[in-house]
Amino acid sequence: MAGLRCSSRTWTTYLCLVALLCLFWSPAVAVKEHDFKKCDQSGFCKRNRAYADNAATQGTTWTSPYKVLSEQVSFKDGSLNAIVLKTINAEGATVELPLTVSFLKSGTARVTVDEKIRQQKNIELRHGSQVRKERYNEAEGWAIVGGLDVDTEATVASQGDAGIKITYGPEAAYEADITYSPFSVAFKRDGVTQIKLNDRGLMNMEHWRPKLEKDAKPEGEESTEETVAETPAAEDESTWWDETFGGNTDSKPRGPESVALDITFHGYEHVYGIPEHAGPLSLRETRGGEGNYEDPYRLYNADVFEYILDSPMTLYGAIPFMQAQRKDSTVGVFWLNAAETWVDITKAKEAKNPLALGIGSKTNTQTHWISENGLMDIFVFLGPTPRDVIKSYTELTGTTALPQEFAIGYHQCRWNYVSDDDVKEVDRKFDKFNIPYDVIWLDIEYTDDKKYFTWQSDMFKDPISMGQQLDAHGRKLVTIIDPHIKNVGGYRVDEELTSKGLAVKNKEGGNFDGWCWPGSSHWIDAFNPAAIKWWTSLFKYDSFKGTMKNTFIWNDMNEPSVFNGPEVTMPKDNIHHGGWEHRDVHNLNGMTFHNATYEALLSREKGELRRPFVLTRSFYSGSQRLGAMWTGDNQASWEHLGAAVPMILAQGISGFPFAGADVGGFFGNPELDLQSRWFQAGAFYPFFRGHAHIDARRREPYLLAEPHRSIITSALRLRYALLPAWYTAFFHANQDGSPIIRPMYWTHPSDEAGFDVDDQFFVGSTGLLVKPVVEKDKTTTDIYIPDDEHYFDYFTYEKLATHKGKHLTVNAPLETIPVLMRGGHIFPRRDIPRRSSQLMRFDDYTLVVVLGKDGKAQGELYVDDGDSFDYRSGQYVHKAFKLEGSTFTSSNVGGRDFASVKKGTWLKQFANVAVDKIIFVGAPSSWSSKKEVELESEGKKTSVSLDFHKAEGGRAAFAVLGRVGAKISADWSVNLS
Ligand code: NOJ
């Protein structure tokens, strides 16, 4: 997208952009890979890979030049402090690197390494630069919101000249075994090493050094080459002082400063996480070989136009959190660093017994983390379950915000709905065809000349009446607001941004000017608290005129995308609030903008406090606290449909589960089968939005020929029916970070065969197992069965599986979504189709009880007003359902005393909501003679009719309790004996 040059007049700009986009875009062509660096084009990545190669070549003779000064080690109140000495030349000169190892109450350990001379700000910057001299130490301030309390119970188990051992964690079952020379830390659980830092000796903190001019050459011989003191001759210095890529030169005022470390997961064959990449959930090896990547996984948030699949290439967001899995054990690490980062992964077999010739050998996954600068700051999680690991990680970085309820309904978007009349017409058409939806979106063309907070007044003459029409059916509007602010006279937002000094600065200290949708633009520096405050003022209803309480926001292009910048983003030597270079903070940038908008939406008028909904494209660890993300500019192809599920699963297990992909595919025109299949898959994305590029044909579901319209309508209705189950899954994500859609390794960590399955998933703890069909003309699909439970078809109640490991082939003609129900679960549903989620808020429930092998089942419902924060003061209903023996009970979770909760407006209204029916799938034949059963609720006994259907063909027996009538918020029970 670099190099767009259009005038700034509305239509000229518009046509020019469309023309340019058409020129650039062709469905068959993927991303311009050469616009983005490979490791060997990124100086610090190349240097660190060379460092690793050198160590490998030297084999056992390689010794890491880092050692702890044993005499200065101190341990107090759960924290160890020491100095690591790095030997920097053959003469034995050293630099001091302060080390802290802290042990947190959650059982997490944290290892931080800094550089003394930079802590003391005792360095010289080049080019007269005014940027900060320290290593960037504020990532914690953005990413971490809790969980840092230190475990004062952690104790020194032994200490000697060679090292120190600390026991910590639950029942003191964990141990950090720190070896002084060379420096390494082994993390053990129950005496067994799980994770080892600097295992292969690849730790490398490029220390600060002055740039020295090379000795002048004899007169007459010219040389502009330069070199540096104390540098081993073998090092490649060519990218130490400046670096050019794609015509942009990075001035590097602090010289080389990368941080790198190898981390080995002992005995672990699978690693997951470090989104965002378009590839398999179980991460591939990255140093070549069959089926492996050649390049490390890269984390450098970027606007990667039409990304390629199955690639370690960077995408829009970065979460440097990785977990490793082996049978019955999950562990993880979080590399807290906001700079450009690369991660190499290799797997090595290690024989347990050297004489056993591979028998009993185990695989170690070796990782090598390489960041351009900043602190070395690592959190280590010892599990042992996936749930434990994500819980500890989200204790630090926060959990998913409990969303606005509408936000988990269906979102209808395209670039662009061109006028308020267009929006109204789309809204009417959805109603005419009885298709539910909750939100319609406005992309950038609604603005006056890409000036955010304004309207293109010819086309959007009356935004309020548009909002009111939507509101009549409880629907919402989302408008896009990007971080680039048009640099043009007379535009209030730009004038305020620049006059208040709130824009990102260039390396000379002036306002950075770059190119994006509006042409010449400035960027809000959302790292600056004053900028957040100002940004908040722009969203007030009386400031952003035309918006209403049902308007919410989409933040796009916040990597940030700069069309004429290096790698389509900002120059690394730009300067942010506090004097930090863009290089220091790049991967945080998107989150800070998302955060500013979140803050702005918290309250748009006095007295209002509501849950914001903000979609972001760029993200970092912690973004989950602020809203939803989507996977950016995919394509209308079967391959992209297939790629979406592993990407969304990766988000889910990495703490940011409110994720989706553009349904239908952003670029191109999906064939009808593809569009139908995509809606079927999308109905099971946590964030469910149809979106299309400006050049794509209109594809609102009602426009499609039959059977597609009906297929898509059914998928949407299925989503709406299951909204209570989705909302309950979001509640759990909000409580403990658990993913909303869950891969097999996460739900079945003992089942090794499921560890690389990433094309099917469970929805929360509902027991619904979904396998979207992502191939053309497929009418059957194979589902992996991860355990010995009973599995029933969701729609037909056919009992399909009872045994683990089986790849079950199920029929999946175009009109069918393969969804199984696992025995042992109960999930809530609302069966009356309506136009939007808000219109369903007081509908009665259906409970689906799927009997397990042992005849038991359990499940939950969490519900609140779906809009305010009143749930925090008890305005919610949380029920646990249980079938045990012949008794079905509904009770308050955790024995909550619901009766004494002072009921607000919503709870009072909700008090009348009842259970309509209960469906028992796999009902025992002993119920066949029953016609009525006894319900006990609110002190009264009544009888309820039971309709038993005996097993027939492959279909399991089922029973329906009709017109139950018990209030969903009350405690009640049914006696089925
Ligand atoms: C890029 C986004 O990824 C896409 O979804 C959006 O339609 C365009 N920007 C225009 O705003």
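When a ligand or atom number is given, it counts from 1 through the structure's own listing order. One is the number of the first residue; the rest follow in order along the sequence. Just the heavy atoms: all of them, side chains too, but no hydrogens, waters or symmetry mates, feed the values below.
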Among residues at least two apart in sequence or on other chains, which ones pass salt bridge (charged side-chain N to carboxylate O under 4.0 Å, His left out) with Asp662? Arg689
By salt bridge (charged side-chain N to carboxylate O under 4.0 Å, His left out) - contacts of Glu405 (at least two apart):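 Expected list: none.
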Restricting to side chain to side chain contact (heavy atoms under 4.5 Å, CB included), what partner residues turn up for Ser543, sequence neighbours left out?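 By the side chain to side chain contact (heavy atoms under 4.5 Å, CB included) rule, Ser543 matches Arg492, Lys540.
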Under a plain distance cut-off of 3.5 Å, with no hydrogens placed, do His594 and Ser623 share a side-chain donor-acceptor pair? no
Going by atom types only, do Thr498 and Asn511 share a side-chain donor-acceptor pair under 3.5 Å?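 The criterion, which ignores hydrogens and geometry beyond distance, is not satisfied for Asn511 and Thr498.
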With a sphere of 6.0 Å drawn around CZ of Arg428, does it hold more than 12 non-hydrogen atoms of other residues, nucleotides or ligands? yes
Neighbouring residues of ligand 1, heavy-atom cut-off under 4.0 Å: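 Residues Trp415, Asp443, Ile444, Ile480, Trp517, Trp554, Asp556, Met557, Arg617, Trp630, Asp633, Phe666, His691 each place a heavy atom under 4.0 Å from ligand 1, listed by chain and number.
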